[in-house]
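Each ligand, and each atom within it, is numbered from 1 in the order the structure gives. Position 1 is the first residue of the sequence; numbering continues from there.
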Amino acid sequence: MIGSTGQIGSELTTELRNCYGGSNVVAGYIPGAEPKGALAEGGPAAIADVTNGEQLTEIVKKYDIDTIYNLAALLSVVAEQKPRLAWKIGIDGLWNVLEVARENHCAVFTPSSIGSFGPNTPHELTPQDTIQRPKTIYGVSKVCTELLSDYYFTKYGVDTRSVRFPGLISYVTPPGGGTTDYAVDIFYSAVRGEKFICPIAQGTRMDMMYMPDALRACTELMEANPDKLIHRNGFNVTAMSFPPEKIYAEIRRRKPDFKMEYQVDPLKQSIAESWPDSLDDSAAREEWGWHANFGLASMTRDMLEKLEEKLGKE
Ligand code: AKB
């Protein structure tokens, strides 16, 4: 089952249905965000608001759910504008999910993020176990997510696992209020033949990942042998790290007329500067065999091809 909202919910539902069969994966949604098209036709769906524990219990019992993928969260920039709501969804919601999982013996995946790190964290090759003192409500809730998930594992034996996602780049899921969104928006501008206005300053590096790798990270971690897991919530995972000028240059190799101009957004920039420049994901590699398939060049090629096809059809 998938949590109600979140950056990658519909793509993960599709991935899980490809792995486990359509009828075995319930697409959770909140009213107004009903699944459509192939997602609606591919398997069962149910209203699953994480702030409503009773509703979650009903779904878990009705469909005999064994694993909850809880993707309900506000991303970093939106969360700064609505901190109370970010907490309600991210932490009160997680509490409900973990309680339902404890009572019904479900495993739980709740992603953390590079947002769980802060200005005092070592920025180069950020270690798995290090200082986590974020200054954003998003980061605060992600640190709590990791700790609460670990607590439910240690105290109650609930099989909780997660990764710390970097910025996710997809041609399916549109950007949704994150600091790393520019790395998706830039492709839309390039394909539409528009100049890109970059909100992040030159030289600001952040970790990123192409969506196919991110989806595989979720399923591979949940399938991993628990005896091999020293960590649980959450694993550093990365695929690439770049500043805006590097992705711009990569796109220009294929679109030489593409133009970019900087108009730095102070909120996004301050968040970006507090996050790692590059992650050390060796714990994930060692404990469950994590590796990324896409780097900057291969992701850029695929993104441009797929987005041209998609926008050409619109
Ligand atoms: C965001 O920018 O808020 C997210 C994230 C890195 O967690 N994409």
Ligand 1 to T180 polar contact by distance, N or O atoms, under 3.5 Å: yes

Ligand-residue contact atoms, ligand 1 with S76, heavy atoms, under 4.0 Å: 1 (C), 2 (O), 3 (O)

Derivation and outcome, salt bridge (Lys or Arg N to Asp or Glu O under 4.0 Å), residues E309 and K306: CA-CA 5 Å; E309 207 180 300; K306 299 280 175 31; over 6 Å; no

Polar side-chain atom of Q128 near backbone of D281 as donor-acceptor pair, under 3.5 Å: no

Cationic tip of R161 above F109 ring, under 6.0 Å, 45° of axis: no

Rounded distance [0.5 Å steps], OG1 in T300 versus CD1 in I169: 7.5 Å

Donor on one side chain, acceptor on other, E287 and H231, under 3.5 Å: yes

Ring centroid separation Y248 to F258 under 6.0 Å: yes

Atoms of ligand 1, numbered as shown, that sit under 4.0 Å from any heavy atom of T179: 1 (C), 2 (O), 3 (O)

Enumerated ligand 1 atoms positioned under 4.0 Å from heavy atoms of L75: 3 (O)

Option with minimal heavy-atom separation from atom 6 (C) of ligand 1, where the choices are D181, V184, L168, I114: I114

Per-atom contacts of ligand 1 with S113, taking only distances under 4.0 Å to non-hydrogen atoms: 5 (C), 6 (C), 7 (O)

Within-cut-off N or O pair, W275 and ligand 1, under 3.5 Å: no

